Amino acid sequence: MKAAVLVFPGSNREGDVAQAIELVTGRKPQMVWHGDGDFEKTDLIVVPGGFSYGDYLRCGAMAALSPVMAEVKKRAAQGVPVLAICNGFQIVTEAGLLPGTLMRNAHLKFVCSDVHLKVETSQSLFTNRYQAGQVIRVPVAHAEGNYFADQDTLKRLEDRGQIAFRYCAPDGTVDGTGNPNGSIRNIAGVFNETKTVMGLMPHPENAVEPMFGGSDGKALFEGLVEALT
Amino acid sequence: MKARVHVTLKNGVLDPQGKAIGHSLNRLGFPEVGDVRQGKFIELELDETDKAKAKARLDEMCRKLLANTVIENYSIELVG
Amino acid sequence: MKARVHVTLKNGVLDPQGKAIGHSLNRLGFPEVGDVRQGKFIELELDETDKAKAKARLDEMCRKLLANTVIENYSIELVG
Amino acid sequence: MSGNGVSVEKNPPVKLPNEPVITPQIVAEHGLSPEEYQRVLAIMGRTPTMVELGIFSAMWSEHCSYKSSKVWLKKLPTKAPWVIQGPGENAGVIDIGDGQAAIFKMESHNHPSYIEPYQGAATGVGGILRDVFTMGARPIANLNALRFGDPAHPKTRHLVSGVVAGIGGYGNCMGIPTVGGETNFHAAYNGNILVNAMTVGIAPTDRIFYAAAAGVGNPLVYVGSKTGRDGIHGATMASTEFSEDSEEKRPTVQVGDPFVEKLLLEACLELMATDVIVAIQDMGAAGLTSSSFEMAAKGGLGVIVELDKVPMRETGMNPYELMLSESQERMLIVLKPGTEEQARKIFEKWELDFAVIGHLTDTERMVLSWHGDIVGNIPIPPLVTEAPVYERPWTLTPLPAVLDAASVPVPKDWRASLLALMSCPDLASKSWIWHQYDHLIMGNTAIRPQDGDAALVRVNGGHKGLAMTSDCTPRYVQAHPETGGRQAVAEAWRNITAVGARPLAVTDNMNFGNPQKPEIMGQFAGAIMGMAEACKVLDFPVVSGNVSLYNETEGRPILPTPTIGAVGVIEDIAKAVGSRLTQAGLGIVLIGETQGWLGQSLYLREACGREEGAPPPVDLAVERRNGDFVRSQIALDRVEACHDLSDGGLLVALAEMAIAGGTGMEIAQPAGNVVPSHAFFYGEDQGRYVIASGSADDVIEAAHAAGVPAVLLGYSGGASLVVRDLLSLPLSDIKAAHEAWLPGYMSATE
Ligand SMILES: Nc1ncnc2c1ncn2[C@@H]1O[C@H](COP(=O)(O)OP(=O)(O)O)[C@@H](O)[C@H]1O
Ligand SMILES: [Mg+2]
């Protein structure tokens, strides 16, 4: 699997995701600078976490207008898979690749913590190594992860199976207790209609080694490798 | 020329900051405070003398960057 | 009664957000944009009919919570 | 401008329009005593200009000159075979093997954080990060040591919330994990909180960058953010007569821009990978003044600074303001000649300002020019050699009488006493704080906050780990500074040891009151003596540090707080242990001797409302012997969990281990042990650890062979903490009490 990881001024988890990809594929991904609208063809595009442009104005707003994102939109339309994590999720919603938006956490504070996620479907490139209903533990680290969409959008997302992950309690119960940010309907990650673009707030790339935060995130990358090679 | 832009959340869009502010004010001894909404206020210096042109350009800036029109409204004011 | 509060950075205080916005606008094809400053705009519903009283209370709210008077100025407007 | 400044040297500076006449009042407002001003006149041979006066004032301030502390700091041991760079550079550097160096330092931002907690703390983090990456290191972790006033004080909540948000806001955006720290509350900090921030970075040993300038004619380059009127201190009044725009006549708080600092970090590291840098220095306190001055002084050279070339954020700025501004996110670099364009390209790629603002000369003078006029001209060596150094009078704090355990009441209700301790502000969980810090970014955090005595971070690309901690017990230092100084170092050493790592070196942050009072100077002297002795015996040199004096309000000083930051190394990170008790059936072994020391203990303060007695003595030989033993047992894989005993004593440590790992235990005071039970369980004797082991017998046998006291207390298991004859408490109750205090406090009003 050939992967490209985008780098914006202020990105800071690009190294973490590159490390995770290398761990799983044995191969370093290509790092693509935000001004590069013409990067090499790859099997997967990753929009990483961080504080692109300092998260000033609105998280992801300035990065969404970069030359590289114009190219990502084109390729996503052609079906190239896009994995957008945390700030990446914010960037792709700003760019219109995914519906909804990520508001300030309800408690207004940054939160870095392990959370539990319920896998909503195994029917996607990103989640094929998980079982629907499975509970995994991965960390979050963000101040704006409070997913919001209007009722029509939410209905559409749910009807079409576009919810990827929901926050839950360790036993899998989906209620407010496991929700770290006030996200509507406990949504932690969503797909586009074709399930080739996935955005999520949690960091599977920081859960790929047992000694360093657990390894429940590894299957996401392994599943991608399986689907894309 | 100077411009002032207000960006506010559309009705019906959740405003966690506004809500938290309202809540804090109530607790700090301001029970008279009801709904609170927080928006952005952006002041720009423009190297442009034609008002109509400035307005059109600002409108474009708002749509492109300053506001996310899926969830936000904006208004533009020209000063001096 | 409704109130509108503007909170802005004092002159001379660095405004990282404003700077980044100005920079972005320039890059996006708006070279006419010079200095940009970002502030907050807060709208509050008040259960109070006396204007003078409302103003005094709002002033207190600003000093206590809404503005950080070490680096920010605020202004209060009453509407309706 | 002439090439080497020889001709300009003789020209008297030009007066600027509106330049005020220097009066005794202006001198005083610059913090210079009349004698110090006489020295200025002697060095200059004439009346200085305002900008020159400002430079003397900044360079001779306590902050930059260490005039009260210098004579004492010299007593700290700073050498060891693994020390590459001790105090004197931007940060300390130690060799951690495999061609890698750890670069680290701690620094205070106390006063700014009290004035504006968010920005004060944020810029504190920004400053310490720059100190570390200036030397070529990529920062891999941050820590922060915080002291706040009484929780009941009306300002405390606001300060906690702002400081924590500011530290998180800066570190999170930079993408550096904040992995540890400490947080205490005491009324003595009501008017003077302490915010001490520490950064640890890694660099190849053959690519470390220093501040000493070299090469006459080499260009002096300014990079980073533009200069504004931020933080021009006591100098407010000077700007009053001086500035053109009357609106600007107020002190300004420095605002940090972590986004720009992130770009600056990446740009500097990119530049450092090329071969163009001669010297580099961040602009911290006293900004352009101290950075240009130090670079030239260290290199034995002179410098010409063309101030009108400095990138400016505001209009109407004058030389005085430019030299004294403390705008953040700026660096000064001496480049190899002819490499300016190569360097410029890198900074432009990262969208940062880049300007050649002068060059080095052989005159040993600092010459300032402003639109072609010379506005300042100072000889550099005398400003350093003639800088005031004070041997301030000092009186040592006498050792208080030892408190007899028999005079301290036994708890009426053991459960209530333990819950009270576990939920008191100093011992309550600080998870409300560290959950606001990204402690996981970079994917190398092996021991997170609260999971071990030291944080443990993997060094990229290998199996090696760095253990780091920050420690100080101010109430001990207050009671007896020598003992307290010794204890702070010993506890840091112990915390590194408790995760299995080898302690290597120390950075310190000396926070004290007004040094002009003999008793405060005595606290400083005592603490240094204790620290020096501990560092010597434990082979734990001090490689960097910071001093913050005058932390007092209306004559009320803070508790003397010599914060110790420490770093250690473990070759194989998989061998490290945390303090969480996660398995049943393990033997719980107490290492070290327990006499039952209740003087200055938290039990005495929290349960009995008394702050008295002598603090627990620290026997450094015993400390070393016990620690070396514990480390050896961890290396032998005999230890599943380990926790040092400190605040709150044995029972608190056991409760912490149990709730962190979700496994209870049943223990008892060993038969025949005659220490009164409250002193046994709550005493704060030093040099002790608790370990959980699957081979407790082997551990105890080995301990006895090594002459180390070790005794089996009981076994892990169940969901309660059970102490025979004394208490049985469900872990859920302890955890609830421990976790609830800080969030509850922070969400309450009034
Ligand atoms: N301000 C802080 N920032 C980050 N971590 C903190 C802070 N305060 C406390 N902690 C963490 O909480 C835990 C308990 O702190 P403390 O009681 O001081 O530990 P110890 O007594 O073992 O040195 C430690 O892991 C420490 O790193
Ligand atoms: Mg400890």
Side-chain angles (χ1 to χ4, degrees), chain B residues 1-11 15 17-51 53-67 72-79, chain C residues 1-11 15 17-51 53-67 72-79:
Chain B
M1 185 172 325
K2 242 186 161 156
R4 296 154 51 111
V5 173
H6 284 89
V7 179
T8 50
L9 283 171
K10 288 189 172 163
N11 272 337
D15 177 9
Q17 305 205 54
K19 229 170 72 184
I21 293 171
H23 202 82
S24 290
L25 286 172
N26 291 157
R27 274 191 333 188
L28 282 171
F30 301 99
E32 71 267 43
V33 174
D35 213 34
V36 178
R37 305 280 286 172
Q38 175 168 334
K40 285 174 207 139
F41 170 59
I42 302 163
E43 292 172 290
L44 307 96
E45 298 275 0
L46 289 185
D47 185 12
E48 173 62 71
T49 48
D50 181 327
K51 281 211 170 185
K53 228 167 134 185
K55 200 121 189 193
R57 293 286 282 173
L58 282 161
D59 200 70
E60 206 185 323
M61 293 180 211
C62 286
R63 278 180 291 110
K64 262 203 175 158
L65 180 69
L66 301 180
E72 292 171 329
N73 293 322
Y74 61 88
S75 71
I76 298 167
E77 226 177 305
L78 289 175
V79 238
Chain C
M1 185 170 328
K2 240 186 160 158
R4 296 154 51 110
V5 173
H6 284 89
V7 180
T8 51
L9 283 170
K10 288 187 176 168
N11 267 337
D15 177 6
Q17 302 222 53
K19 212 173 66 183
I21 294 170
H23 212 86
S24 261
L25 287 172
N26 292 158
R27 215 183 3 220
L28 284 172
F30 300 99
E32 71 266 43
V33 174
D35 215 33
V36 177
R37 306 280 285 172
Q38 176 169 338
K40 279 179 222 145
F41 169 60
I42 303 162
E43 292 172 291
L44 307 94
E45 296 276 359
L46 288 185
D47 186 12
E48 173 62 69
T49 47
D50 181 327
K51 281 213 168 183
K53 229 168 133 186
K55 201 122 188 190
R57 293 286 282 174
L58 281 161
D59 200 69
E60 207 186 324
M61 293 180 213
C62 284
R63 277 178 293 109
K64 270 203 170 153
L65 182 75
L66 302 181
E72 292 172 331
N73 293 323
Y74 60 89
S75 72
I76 297 167
E77 227 177 303
L78 289 175
V79 239

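Reminder, nothing fancy here: chain letters follow the sequence lines and each chain counts from 1. Note: hydrogens, waters and symmetry copies are ignored here, and every other heavy atom, side chains too, is used. The shown structure was predicted, so the numbers you read here are calculated from the model rather than taken from an experiment.
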- Message: Out of C:E60, C:Q38, C:H6, return the one with the most heavy atom pairs under 4.5 angstrom to chain B.
- Response: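 Maximum pair count with chain B is reached by C:H6.
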| field | C:L44, part contacting chain B, at a heavy-atom distance under 4.5 Å | value |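 For C:L44, the contact with chain B is made by backbone and side chain together.
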Given a strict heavy-atom distance threshold of 4.5 Å, which part of B:Q17 is in contact with chain C: side chain, backbone, both, or neither?
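Neither part, no heavy atoms under 4.5 Å.
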(request) Pick one of side chain, backbone, both or neither for B:L58, based on which atoms fall under 4.5 Å of a heavy atom in chain C. (result)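 B:L58 has no heavy atom closer than 4.5 Å to chain C.
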Q. How would you list, in number order, the residues of residues 19-26 of chain C that have a heavy atom less than 4.5 Å from chain B?
A.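 Counting heavy atoms that sit under 4.5 Å from chain B, the residues of residues 19-26 of chain C involved are C:I21, C:S24, C:L25.
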### Message
Strictly by salt bridge (charged side-chain N to carboxylate O under 4.0 Å, His left out), give each pair with a member in residues 21-50 of chain C just once, sequence neighbours left out.
### Response
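Qualifying pairs: B:R57-C:E32, C:R27-D:E351, C:K40-C:E72.
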Open item on the list: How about NZ on C:K53, more than 12 heavy atoms from neighbouring residues, nucleotides or ligands closer than 6.0 Å, or not?
Closed with: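 It does not: C:K53 NZ has 12 such atoms or fewer within range.
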